[in-house]
> 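Please find one structure pasted underneath; my questions will follow.
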Amino acid sequence: MRQGSATSLDTNAAHARHAAERIFFSSLAVLLALLVFVAFGPTYYWTPFGEGVTHTALGVRFTGIFHVHGAVFTAWVVLFLGQALLIANRRVALHRRLGYAAAVVAAAMVILGLLVAIETARAGIAPAGGDPVSFMIVPVGDMVLFGGFVAAGILLRRNTDAHKRLMVGAYACLLVATLSRITAVSAMGPAAPVLGSFLPIAAGMVFDLRVHGRVHRAYLWGFAVLLASGVRVPIGESAAWRSFASWLLT
């Protein structure tokens, strides 16, 4: 009898943890989508998808490639939100089918993100009057990291615990550009958007500790990778990077 009661308690506790995870990840997806809307609203979403916009926030002429990039980025945000809500509502089969579309959109994100980074550098523009060639390593690095997290998440899609945490890591790679467009954040200094990009993973780590008693290793690896990616800033000043960047810009 006691053994049966213990098993029942363990089952109830597992159900409670799974329910808490569904609430956490869907809530995080909603918050991140709202953050993107607030960040890009004044220059993109609050007009009919950039209609009438002539230049980006950095001052680059808003050409067709930026429109396509904005549309694909929006598709990623919507898909991420939709996928999280499908899991929250136990629509696992549909979540898996939409996963193919999400993979295609993510691949397009990487390609378009690289093209936009190159276009910005070609225009000779960088934040705060920095060197455009050196700065290009930041958005290029973001796209490489984003693609890496998504690829790892796809490879580990059957490991649902790792999969959803890796997708949170992928989203974190997009937040520097997002947060830098929010005046209250950018006013804190150039480091603020970078530090802010760690918040989704940090929130997930806190959640794991409270609900599971330990932090999932996908978060630990993701946090370490994002932290190590800071080395790209000094690399951007190196002769090797400038030579590679010059090749990209030709």
Side-chain angles (χ1 to χ4, degrees), residues 21-53 56-57 62-117 139 142-154 156-157 160 162-182 185 193 196-197 199-201 203-204 207 222:
E21 282 209 347
R22 288 194 294 271
I23 293 171
F24 172 77
F25 283 102
S26 58
S27 299
L28 182 62
V30 170
L31 287 172
L32 289 172
L34 288 173
L35 184 66
V36 169
F37 179 77
V38 168
F40 289 92
T43 58
Y44 193 73
Y45 295 119
W46 297 353
T47 63
F49 285 92
E51 183 180 335
V53 176
T56 69
F62 204 82
T63 59
I65 192 68
F66 289 93
H67 279 290
V68 177
H69 174 66
V72 173
F73 178 79
T74 302
W76 166 261
V77 172
V78 172
L79 275 170
F80 187 93
L81 175 59
Q83 289 289 70
L85 293 178
L86 284 173
I87 291 298
N89 289 282
R90 298 182 175 87
R91 302 289 301 277
V92 178
L94 182 55
H95 172 92
R96 288 174 177 167
R97 287 198 294 272
L98 280 178
Y100 294 105
V104 172
V105 170
M109 278 275 291
V110 173
I111 295 169
L112 289 165
L114 293 173
L115 291 175
V116 164
D142 286 341
M143 288 300 96
V144 171
L145 288 169
F146 172 79
F149 273 104
V150 171
I154 291 171
L156 295 174
R157 62 189 180 278
T160 57
H163 170 77
K164 53 194 171 187
R165 287 165 173 82
L166 287 166
M167 289 304 179
V168 170
Y171 213 128
C173 299
L174 307 175
L175 289 184
V176 173
T178 300
L179 292 170
S180 64
R181 284 166 172 77
I182 299 177
V185 177
S197 68
L199 288 178
I201 293 180
F207 174 85

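Index from 1, following the sequence. Fair warning: this is a prediction, and the values are worked out from it, not measured in the lab.
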> Pair up each side-chain donor or acceptor in residues 142-154 with any protein partner under 3.5 Å, not counting sequence neighbours, and list the distances.
residue : atom : partner : partner atom : Å
Asp142  : OD1  : Arg232  : NH1          : 3.0
Asp142  : OD1  : Arg232  : NH2          : 3.2

> Considering non-hydrogen atoms only, spot the tightest contact between Thr178 and Val36 and give its length.
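Taking Thr178 first and Val36 second, the nearest heavy atoms are CG2-CA, 4.0 Å.
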> Are the side chains of Phe73 and Leu112 in contact, using a 4.5 Å heavy-atom criterion?
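No - every pair of side-chain heavy atoms lies 4.5 Å or more apart.
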> For Ser180, what residues pass the side-chain contact (heavy atoms from CB on, under 4.5 Å) criterion, not counting sequence neighbours?
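Ser180 satisfies side-chain contact (heavy atoms from CB on, under 4.5 Å) with Pro193 only.
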> To the nearest 0.5 Å, what is the distance between CG (Leu175) and CD1 (Ile182)?
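Answer for the CG-CD1 pair, Leu175 versus Ile182, is 9.0 Å.
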> Mind checking ring-ring contact (aromatic ring centres under 6.0 Å, His included) for Phe207 and listing every partner two or more places apart, or none if nothing turns up?
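Counting only residues at least two positions away or on another chain, Phe207 forms a ring-ring contact (aromatic ring centres under 6.0 Å, His included) with Phe24.
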> What's the shortest heavy-atom distance between Ala108 and Val72, and which atoms?
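Minimum heavy-atom contact is CB-CG1, 4.0 Å.
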> Would you say the side chain of His69 lies within less than 4.5 Å of the side chain of Ile65, judging by non-hydrogen atoms?
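Answer no - side chains too far apart.
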> Check the pair Leu174 / Trp76 against side-chain contact (heavy atoms from CB on, under 4.5 Å), numbers first and verdict last.
CA-CA 11 Å; Leu174 307 175; Trp76 166 261; 3.7 Å; yes
> Where do Ala102 and Leu79 come nearest, in terms of heavy atoms and distance?
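Nearest pair, atom of Ala102 first, then Leu79: CA-CD1, 3.8 Å.
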> For residues 82-89, run the donor-acceptor check on the side chains, cut-off 3.5 Å, and write out each pair with its distance to 0.1 Å, sequence neighbours left out.
residue : atom : partner : partner atom : Å
Gln83   : OE1  : His95   : ND1          : 3.4
Gln83   : NE2  : His95   : O            : 2.8
Asn89   : ND2  : Leu85   : O            : 2.8

> Between Val77 and Leu32, is there a side-chain heavy-atom distance shorter than 4.5 Å?
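Leu32 does not reach Val77 side chain to side chain.
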> Is the shortest heavy-atom distance from the side chain of Val168 to the side chain of Phe25 under 4.5 Å?
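In short, these two side chains touch, coming nearer than 4.5 Å.
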> Name all residues meeting the ring-ring contact (aromatic ring centres under 6.0 Å, His included) criterion together with Phe80; count only those two or more places apart in sequence or in a different chain, and write none if there are none.
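Expected list: Tyr171.
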> Write out all pairs satisfying salt bridge (Lys or Arg N to Asp or Glu O under 4.0 Å) with one or both partners inside residues 21-31, taking only residues at least two apart or from two chains.
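For residues 21-31: Glu21-Lys164, Glu21-Arg165.
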